[in-house]
Amino acid sequence: MVEVVLWGSLADQAEGARKVEVEAGTLRELLDGLGEKFPGLRPELERGVSVSIDGRIYNDSWFQPIAPDSEVVLLKRLKGG
Amino acid sequence: MALDDTKKTRDFKVVGTRPDRPDGIDKVTGRARFGADMVLPGMLTGRILRSPHAHARIKRIDTSKAEALSGVKAVVTRADFGEVPADVADVMDNCMAGDKALYDGHAVAAVAASSPAVARKALKLIEVEYEVLPHVTDVDAATRPDAPVLHEGRQQETVPKGMSANVIARSEFGHGDIETGLKQADRVVARTYRTAATHQGYIEPHACLATMGPDGKADLWVCTQGHYMVRNTCAAILGMEQGQLRVTASEIGGGFGGKTVVFLEPVALMLAKKSGRPVKMVMSRSEVLRATGPTSSTSIDVRIGMTKEGRITAGFAELRYQGGAYPGSPVDMGAMSGFAPYDLENVKTVGWDVVTNRPKAAAYRAPGAPMAAFAIESAIDEAARGFGLDPLEVRLMNGADEGTKASYGPTYPAIGLKATLEAAKTHPHWSAPLGENQGRGVACGFWFNFGGDTCVSLNITPDGTVTVSEGNPDIGGSRASMTMMAAEELGIPYDQVRTIIADTGSLGQNEVTDGSRVTFAVGLATIKAAQAAKAEMCRRAAMVWGIDEDAVEWADGAARPAGPNAGKFPPMTLKEIAAIASNTGGPIAGHHEVNAEGAGVSFATHMVDVELDPDTGSTKILRYTVFQDAGKAVHPSYVEGQFQGGAVQGIGWALNEEYIYGEDGILQNAGFLDYRIPVASDLPMIDTVILEIPNPGHPYGVRGVGETSIVPPLAAIANAVSAAAGVRMTQLPMSPPRVLAALQAQADG
Amino acid sequence: MRYEAPLSVEDAVAALAGQPGAHVLAGGTDLLVKLRSEMIEPEVIVDIKRIDGMKDIRAEEGGWRIGAAVSGAEMSEHEALVADWPGVVEAAGLIGSTQVQGRATLAGNLCNASPAADSVPAMVAAGAVARIVGPNGSRDLAVIDVPQGPGKTALEPGEFIASILLPARGQQSGDAYLRFIPRTEMDIAVVGCGVSLSLDSENRVSAARVSLGAVGPKVMLVEEAAEALKRRVLDEAALDDLAAACSKAATPIDDKRGTVDFRRHVAGVLARRAAVIAATRAKGENA
Amino acid sequence: MSQIHVTTKINGDETEFLCEPEDTLLDVLRDRLGLTGTKEGCGTGDCGACSVAVDGRLVCSCLMLGAEAEGREVATIEGMAKGDQLHPLQRKFIEMAALQCGICTPGILVAAQSLLERNPDPSEEEVRYWLAGNLCRCTGYDKIIRAVMETAADMRRAS
């Protein structure tokens with residue numbers, strides 16, 4: 001299981017939890033798992049999120065490996081200028 | 001994807017030097033072709049009719065008189081576009097209004113004509129019947145329940161019930177408990193800060209030249225930060241296949257985020273389609289200011305709790321950003337970045353995305369971050385000065401470091417914030433004396449930096465020179481950086497490599513030139529492409545020598561036998577291998593395609609001295625120093641240039657730049673006369689200190705540098721002005737009337 | 001639209017008189033902006049630069065007659081003119097950029113009739129007189145009387161300004177013009193103030209003219225401000241009275257460039273500073 | 001509406017063109033003569049990107065009619081280098097990275113050349129005020145000012 005930290009207001013859509021656990025070895029499994037376990041998160045996941053895995057930020061890479069002890073933080077989709 | 005986790009320092013030969021940029025001669029002789037510089041035979045002039053109202057229902061458009069005018073070859077309205085996919089619906093509506101005009105300057109129709117004069121005349125013949133609606137341009141006013149509503153049904157589930165439909169989204173970040181933290185504080189600073197909308201202010205107006213044949217094949221020449229984005233967006237809007245639309249990026253005369261979206265391009269293509277002729281469109285400066293993508297105006301509440309020793313016990317900010325007429329202000333970025341420089345136990349930010357009757361905000365250099373930094377860094381400064389504490393020491397005491405849990409969630413790897421603060425502390429600027437009416441301010445800033453989809457092709461020519469093709473417009477010297485990294489990796493001189501910007505037909509998808517990504521991500525792909533070419537050249541040398549390819553290594557521009565074979569054969573240089581490429585299997589190239597994720601975050605500290613004229617409220621910038629972590633400065637001159645340019649844009653934002661709307665919702669200052677960007681005589685030299693804390697996510701340690709430099713200046717200058725004035729300035733711009741009023745209010749007690 | 005470049009005043013008058021809505025082109029720095037923004041769509045533009053004398057700066061009756069097509073840059077390169085009327089030349093030199101200086105003229109700045117025109121308060125303080133030519137011959141009109149309101153002048157159809165006369169500079173006299181702008185260059189005046197004064201042998205003000213720009217519908221001559229200075233040495237008390245008179249006389253509006261309160265206050269600030277410069281010059285010292 | 005025939009000298013070459021009465025010199029240079037090195041940033045004289053010299057005087061070509069060029073000598077960025085020899089300012093701008101995007105560069109070079117012709121030893125303040133009408137949004141002006149000052153110093157040494 002991977003522990004995923006949600007941003008504050010996202011917790012409202014995940015039964016109030018700031019930290020949730022999902023079974024995932026990759027980014028894709030993580031995002032799919034979150035949507036399945038917490039349907040309330042789906043609108044935000046569909047709008048797009050960024051994910052910090054051990055301090056590095058990923059947007060799209062489905063097969064980015066995630067270790068069980070990885071620090072995983074969901075972020076609003078990042079945009080630059 | 002695999003990144004090189006090389007923390008070892010390496011000796012660079014090319015990287016870190018300051019060679020002449022490859023496009024330099026074109027740009028100093030006037031040869032470089034920018035957006036408006038291209039012509040085609042039979043070309044028409046395209047022009048746009050824009051709404052004179054801030055908010056109006058479009059009841060009827062009659063184009064018949066314009067169409068009948070001699071020389072008019074096509075007229076386009078929204079009806080020509082039909083249904084578009086949902087993910088480009090707002091872009092479409094922004095390029096050409098549908099049921100409603102949502103801001104002053106919103107496009108409502110367009111013509112293509114044989115000359116500019118005919119086009120101008122044709123626009124006057126288009127009859128538009130408007131039903132003028134109430135409007136709202138202020139962010140706080142737009143959130144009120146009785147505010148005029150722009151869109152129904154766009155509010156996200158994140159917004160509590162009962163709020164104005166203009167409030168699109170709410171987000172919240174942070175950790176710990178604010179109230180607990182505030183109780184531990186010896187002083188709480190609580191204030192509301194406001195910033196005006198500003199524009200990127202690039203000197204080159206948007207321009208493009210479109211052609212489309214009856215077979216549906218189209219070409220577009222355009223100044224943009226991302227021609228692949230232009231292709232994909234236009235193809236979606238026009239219902240084309242992406243492969244049938246070839247987009248070529250012109251040289252680009254500045255963007256700073258403002259050229260990461262389309263405005264003219266789909267319209268130009270539609271005009272070209274309808275007229276069967278090439279159509280060139282060039283915006284006027286007033287169109288640029290009225291109807292492209294400035295950044296948000298904001299209203300931000302901050303509470304900071306601090307102990308008398310200077311420890312921040314709690315940090316809270318509630319940020320309201322209006323993003324113009326469509327959802328998507330950069331408020332989340334502000335909410336995530338504002339406290340990022342600090343190691344805080346209790347931190348919380350709340351962001352509100354609000355729509356108003358203004359042009360849709362586009363990205364502007366570290367979008368969303370400068371305003372948040374202005375508010376938060378001002379409050380920290382006020383708290384520190386309230387205890388008589390040194391504002392740099394307070395920032396060092398609370399500063400984030402490796403292992404700090406960032407306010408937006410993750411734990412930091414090696415970062416450079418404290419290095420910038422330490423460098424600031426020991427810099428002569430910090431201890432220089434100040435005179436009467438002068439003040440000094442400091443502030444920190446943070447930016448995420450990005451990577452994204454990237455392709456590079458590197459070809460070895462028969463004579464052993466190298467061409468690099470990349471897909472990101474060169475906005476500030478990136479051809480030089482790519483050339484340097486290719487030369488470095490191949491071990492050949494800089495002048496034997498030439499880098500070009502390829503059109504959309506020549507490479508795979510490339511993310512927009514944004515997020516300070518190019519030197520990081522395209523650089524990474526260039527290095528990997530060079531590595532692929534090197535591997536192939538080693539293989540060719542191994543064939544010639546009749547040894548195993550694993551027994552060949554590349555060093556100093558040549559393949560060399562290694563291991564047991566070391567010294568058995570003389571090295572084969574790149575030129576020698578290139579010369580026999582046809583004999584050893586054919587042309588040699590390397591390429592790399594990647595979604596370059598894992599960019600390293602970046603921090604800066606800025607220090608500024610100002611002098612006030614107490615009689616007029618006028619502020620003069622006396623001295624300015626930027627301290628920023630670049631990871632590794634590939635071409636230090638252009639890194640300095642990014643630092644200096646960002647700082648000066650911040651100076652403009654802090655002191656004079658603002659979108660001024662009248663009661664009628666019409667933009668009052670749509671020109672460079674009254675939208676006052678800094679001029680040369682306003683400024684001192686901008687000193688820079690480049691720090692190099694390598695990014696573990698890049699083979700050379702490179703971090704993006706383009707955006708962080710605009711994050712601290714607003715707050716640094718506000719802190720300096722507040723120090724000089726003896727009164728806290730909480731609203732930008734700190735224009736002379738505003739500063740004078742603050743001084744007089746203080747004098748009046 | 002037609003473009004005409006007559007070689008004589010008579011031809012220019014004929015071209016202007018024959019066409020309602022004809023526009024005069026001298027430096028063009030305002031006219032071309034209006035053309036471009038479609039604020040005006042004239043049938044004919046009459047370029048007066050090729051008319052004899054329009055580019056001349058000539059000594060006349062101890063003063064200087066400045067042709068309508070003389071640019072700010074040309075004025076600032078004329079040493080004798082600068083020595084006599086530094087305030088007027090500096091005021092003209094504040095209009096726009098170096099590039100605009102290469103074209104912009106006093107007469108054009110006056111005819112544009114903007115209340116914020118930089119050279120106009122300086123000319124008003126100097127007591128300058130415009131020579132107007134037209135279908136009925138030529139007439140002289142004090143510069144102060146040329147603007148009638150924003151964008152409006154006292155010129156009749158077919159008339160144009162052929163030259164500006166800066167009168168003879170008296171003994172122990174000096175002038176100055178200061179404006180306030182948010183940046184250091186390139187802005188329109190938020191407030192402008194011209195001061196021209198003469199000193200007697202004891203450094204008391206014997207004559208003064210004080211003008212303000214951008215604080216009313218047209219440039220104004222502030223008699224009360226001049227009175228506040230007369231027969232006084234420019235000490236703090238005199239300067240305070242001057243500033244107060246200017247702030248009181250100002251009738252500005254709130255707009256994108258400044259507020260009422262700001263403009264009133266700064267009108268006084270600039271008057272003080274300009275008076276000090278003018279007095280320094282009157283004493284023959286550099287300022 | 002009839003076009004106007006204009007005879008002029010551009011970068012030393014006798015040049016004739018036809019233009020509309022309302023065409024600016026900038027329109028003529030860019031759209032009729034193909035001299036697109038001169039840029040339009042604002043069209044109102046506020047940015048300096050269209051700077052050219054007319055009879056040796058620095059002007060904004062957007063604030064001058066093409067018809068006014070009759071009998072005049074116009075110098076644009078395209079005439080700054082002599083053959084393959086860059087002007088010292090052009091060389092210095094490249095060497096000192098005094099440009100980023102390059103859109104303001106032609107106007108700034110033309111303006112700086114005009115300054116150095118008049119004042120071979122300008123102070124930093126003089127350079128900054130002379131160039132105040134040339135907006136640059138990328139560089140913060142630092143490297144531009146330094147490049148102009150260094151070029152002036154080089155040219156003084158060379159003369």
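Chain letters run A, B, ... following the sequence lines, proteins first, then strands; residues in each count from 1. No hydrogens, no waters, no symmetry mates; every other heavy atom, side chains included, goes into these values.
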[X] atom [atom1], over 12 foreign heavy atoms within 6.0 Å:
{"X": "D/Glu124", "atom1": "CD", "result": "yes"}
{"X": "B/Arg33", "atom1": "CZ", "result": "no"}
{"X": "B/Leu40", "atom1": "CG", "result": "yes"}

Problem - Contacting moiety of D/Glu40, where chain B heavy atoms sit under 4.5 Å - result: backbone
Handout entry: Proximal component of D/Leu135, with respect to chain B [non-hydrogen, under 4.5 Å]
Key = both
With side chains defined as the heavy atoms from C-beta onward, is the minimum distance between [X] and [Y] less than 4.5 Å?
{"X": "D/Thr44", "Y": "B/Leu673", "value": "no"}
{"X": "B/Glu251", "Y": "D/Ile103", "value": "no"}
{"X": "D/Ile77", "Y": "B/Thr29", "value": "no"}

Is a side-chain donor or acceptor of [X] paired with a backbone partner of [Y] at a separation under 3.5 angstrom?
{"X": "D/Tyr141", "Y": "B/Gln644", "answer": "no"}
{"X": "D/Gln100", "Y": "B/Gly477", "answer": "no"}
{"X": "D/Asp142", "Y": "B/Ile686", "answer": "yes"}

So does [X] pair up with [Y], basic N to acidic O under 4.0 Å?
{"X": "B/Arg285", "Y": "D/Asp46", "result": "no"}
{"X": "D/Arg128", "Y": "B/Asp682", "result": "no"}
{"X": "D/Glu95", "Y": "B/Arg18", "result": "no"}
{"X": "B/Glu657", "Y": "D/Arg137", "result": "yes"}

Problem - Which of B/Gly645, B/Ser681, B/Gly646 touches chain D most, by non-hydrogen pairs under 4.5 Å - result: B/Ser681
Problem - Choice from B/Lys27, B/His635, B/Gln200 maximising heavy atom contacts with chain D below 4.5 Å - result: B/Lys27
For chain B, the option from [options] that forms the most heavy-atom pairs under 4.5 Å:
{"options": "D/Lys39, D/Glu78, D/Met80, D/Arg91", "result": "D/Lys39"}
{"options": "D/Leu89, D/Leu35, D/Leu131, D/Leu99", "result": "D/Leu99"}
{"options": "D/Gly140, D/Ala98, D/Pro106, D/Cys101", "result": "D/Cys101"}

Side chain from CB out, backbone as N, CA, C, O: work out which of these in [X] comes under 4.5 Å of a heavy atom of chain D, or both, or neither.
{"X": "B/Arg31", "answer": "neither"}
{"X": "B/Ile677", "answer": "both"}
{"X": "B/Gln642", "answer": "both"}
{"X": "B/Pro19", "answer": "neither"}
{"X": "B/Ala36", "answer": "both"}
{"X": "B/Tyr624", "answer": "neither"}
{"X": "B/Ile651", "answer": "neither"}

How long is the gap from [atom1] on [X] to [atom2] on [Y], to the nearest 0.5 Å?
{"X": "B/Ser637", "Y": "D/Met96", "atom1": "OG", "atom2": "CE", "result": "8.5 Å"}
{"X": "B/Met685", "Y": "D/Ile145", "atom1": "CE", "atom2": "CD1", "result": "6.0 Å"}
{"X": "B/Tyr638", "Y": "D/Cys138", "atom1": "OH", "atom2": "SG", "result": "11.0 Å"}

Check [X] against [Y] and note the closest heavy-atom contact, atom names and distance.
{"X": "D/Leu109", "Y": "B/Val28", "answer": "CD1-O, 3.4 Å"}
{"X": "D/Ala49", "Y": "B/Ile203", "answer": "CB-CG2, 4.4 Å"}
{"X": "B/Phe34", "Y": "D/Gly102", "answer": "CZ-C, 3.7 Å"}
{"X": "D/Gly41", "Y": "B/Phe672", "answer": "O-CE1, 4.1 Å"}

